[in-house]
Amino acid sequence: MKRRRIPRYFFERSAVEVSRSILGKYLVASDRSGKIKEGRVVEVEAYVGPHDRASHAYKGKITPRNKAEFLRGGYVYIYLVYGMYWQLNIVTGKKDHPECFLIRAVETEGRAGEASGPGKLCRYFGFDKDFYGEDVGKSPKIWFEDRNEKIFPKNIACSRRVGIDYAGRFWALRKLRFYLKGSSVITKLNKSKF
DNA sequence: GTACAGATTGAG
DNA sequence: TCAATCTGTACT
């Protein structure tokens, strides 16, 4: 099988473009013991910029937590939610324009569902703050591979993002979650007030 | 210094 | 339906 590490500039496009084109690519990483783990990306969410009310960088606010979002595309932005789950994001777009996508699910070769969900995925791969700011074009710890799987637009579905009701009706309903139709590990939509 | 909510998950 | 668990952020 042909394998090619995806170069960093792949991520220097809009969050929506990168979100759609990363589907079907492989996330590969080595954990602390050097063991390689990998999975096929099947579900992501786009956070599209400082005007996106659901984004941590809303209104361009920079904090110690989100400062990686202001790097150019291709760097890791990872943070802890609910005191116990890490969320893996890859920055997209230009420097100083905070956009990124959140990886919500990948398919693995092992047990079904072991990386279905943004928190479970990070637990499976061992992602934590040690990966903050990694360059996926160069890092020995985390990268993406193109294995020549052709994904057609008709295979991509989109829907609203999960768990961001606080951002208000407009942003909660925007179709910024992208996934491959037919994958068995897609997050169930939880109920929303909208 | 104190308060509080969160881009989740799994159990009941 | 709800608790687990803790950091970042806002406010005193």
Side-chain angles (χ1 to χ4, degrees), chain A residues 11 14-20 22-23 27 37 39 41-71 73-93 97-108 110-134 136 142 157-180 183-194:
Chain A
F11 301 93
S14 77
V16 169
E17 280 180 85
V18 178
S19 292
R20 296 179 65 93
I22 201 69
L23 294 173
L27 170 62
K37 291 189 171 177
V41 179
V42 295
E43 181 185 1
V44 299
E45 281 177 2
Y47 289 81
V48 298
H51 58 295
D52 181 348
R53 216 184 159 95
S55 168
H56 291 157
Y58 180 52
K59 291 181 174 169
K61 184 179 61 174
I62 304 179
T63 70
R65 176 175 69 159
N66 77 1
K67 64 178 196 277
E69 272 202 274
F70 291 81
L71 299 169
Y75 289 86
V76 171
Y77 167 44
I78 189 166
Y79 65 90
L80 190 65
V81 271
Y82 302 117
M84 55 178 87
Y85 296 109
W86 292 94
Q87 308 276 288
L88 178 70
N89 297 256
I90 309 298
V91 180
T92 63
H97 191 269
E99 298 179 31
C100 64
F101 66 94
L102 166 68
I103 303 181
R104 295 194 56 90
V106 304
E107 287 174 353
T108 59
R111 218 168 55 251
E114 63 195 351
S116 62
K120 287 165 75 176
L121 179 156
C122 287
R123 190 177 57 193
Y124 172 74
F125 281 95
F127 294 143
D128 59 20
K129 61 177 182 294
D130 287 351
F131 288 76
Y132 193 92
E134 283 290 305
V136 300
I142 177 171
C158 55
S159 74
R160 62 183 179 72
R161 294 175 290 183
V162 177
I164 54 149
D165 272 359
Y166 64 83
R169 181 187 173 83
F170 177 78
W171 288 103
L173 294 179
R174 286 284 301 272
K175 293 193 167 190
L176 291 172
R177 184 171 70 117
F178 302 92
Y179 56 94
L180 289 181
S183 174
S184 56
V185 298
I186 302 304
T187 311
K188 275 202 308 253
L189 270 180
N190 46 9
K191 60 174 180 285
S192 162
K193 63 186 180 191
F194 300 113

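Here is the naming used below: chain letters follow the sequence lines, and residue numbers restart at 1 for every chain.
Rounded to an integer number of Å, the gap from CD of Q87(A) to C1' of dT5(C) is 14 Å. One interatomic measurement links the two molecules: CD1 of I78(A) to C1' of dT7(C), which rounds to 14 Å at whole-angstrom precision. Atom OH in Y58(A) sits about 17 Å away from atom C1' in dT9(C), given to the nearest Å. Rounded to an integer number of Å, the gap from Y132(A) OH to dG8(C) C1' is 12 Å. Remark: C1' of dA11(B) and OH of Y82(A) are 17 Å apart, rounded to the nearest angstrom. For the pair W86(A) CH2 and dG6(B) P, the computed distance is 19 Å after rounding to whole Å. Here the P atom of nucleotide dT7(C) and the NZ atom of K67(A) are 15 Å apart, to the nearest Å. Following rounding to the nearest Å, E114(A) (CD) and dG10(B) (P) show an atom-to-atom distance of 12 Å.
Under the 30°/60° scheme for interplanar angles, the aromatic rings of F125(A) and F127(A) are found to lie parallel. The aromatic rings of Y79(A) and H56(A) stand perpendicular to each other, their planes meeting at an angle above 60°, with 30° marking the opposite boundary.
Here the separation of dT2(B) from dT5(C), taken at their P atoms, is 22 Å to the nearest Å. Across dT7(C) and dG10(B), the matching C1' atoms stand 22 Å from one another, rounded to whole Å.
Counting any heavy atom pair closer than 4.0 Å across all strands shown, L102(A) reaches a base atom. When heavy atoms are screened at a 4.0 angstrom cut-off, R65(A) is found touching the sugar-phosphate backbone but no base atom. Within 4.0 Å (heavy atoms only), N89(A) reaches at least one base atom of the nucleic acid. Within 4.0 Å of G119(A), counting heavy atoms only, lie sugar-phosphate atoms of the nucleic acid but no base atom.
The side chain of Y85(A) places no N or O atom within less than 4.0 Å of a non-bridging phosphate oxygen (OP1 or OP2) of dC6(C). Note on R123(A): a side-chain N or O is less than 4.0 Å away from OP1 or OP2 of dG10(B). In this structure, K61(A) does not reach the dG8(C) phosphate: none of its side-chain N or O atoms is under 4.0 Å from OP1 or OP2. In terms of phosphate contacts, K191(A) brings a side-chain nitrogen or oxygen within less than 4.0 Å of OP1 or OP2 of dT1(C).
Looking at the side chain of E69(A), the nearest of the listed nucleotides dA7(B), dG10(B), dT9(C) is dA7(B). Nearest to the side-chain atoms of R104(A) among the listed nucleotides dT5(C), dT8(B), dG8(C) stands dT8(B).
If you check the side chains of E45(A) and Y47(A), you find a donor sitting under 3.5 Å from an acceptor. With hydrogens and angles left out, the side-chain atoms of S183(A) and E43(A) include no donor and acceptor closer than 3.5 Å.
We find that the ring of Y47(A) and the base of dA7(B) stack, their centres lying under 5.5 angstrom apart and their planes tilted less than 30°.
Pairing partner, dT2(B): dA10(C), with both Watson-Crick or wobble hydrogen-bond distances short of 3.5 Å. The pairing partner recorded for dT5(C) is none, the criterion being a Watson-Crick or G-U wobble arrangement whose two distances lie under 3.5 angstrom.
Put simply, CZ on R160(A) and CZ on R169(A) are 11.0 Å apart, with the number rounded to the nearest 0.5 Å. In this structure, F178(A) CZ and R161(A) CZ are separated by 9.5 Å, a value rounded to the nearest 0.5 Å.
A donor-acceptor contact under 3.5 Å links the side chain of Y79(A) to the base of dA7(B).
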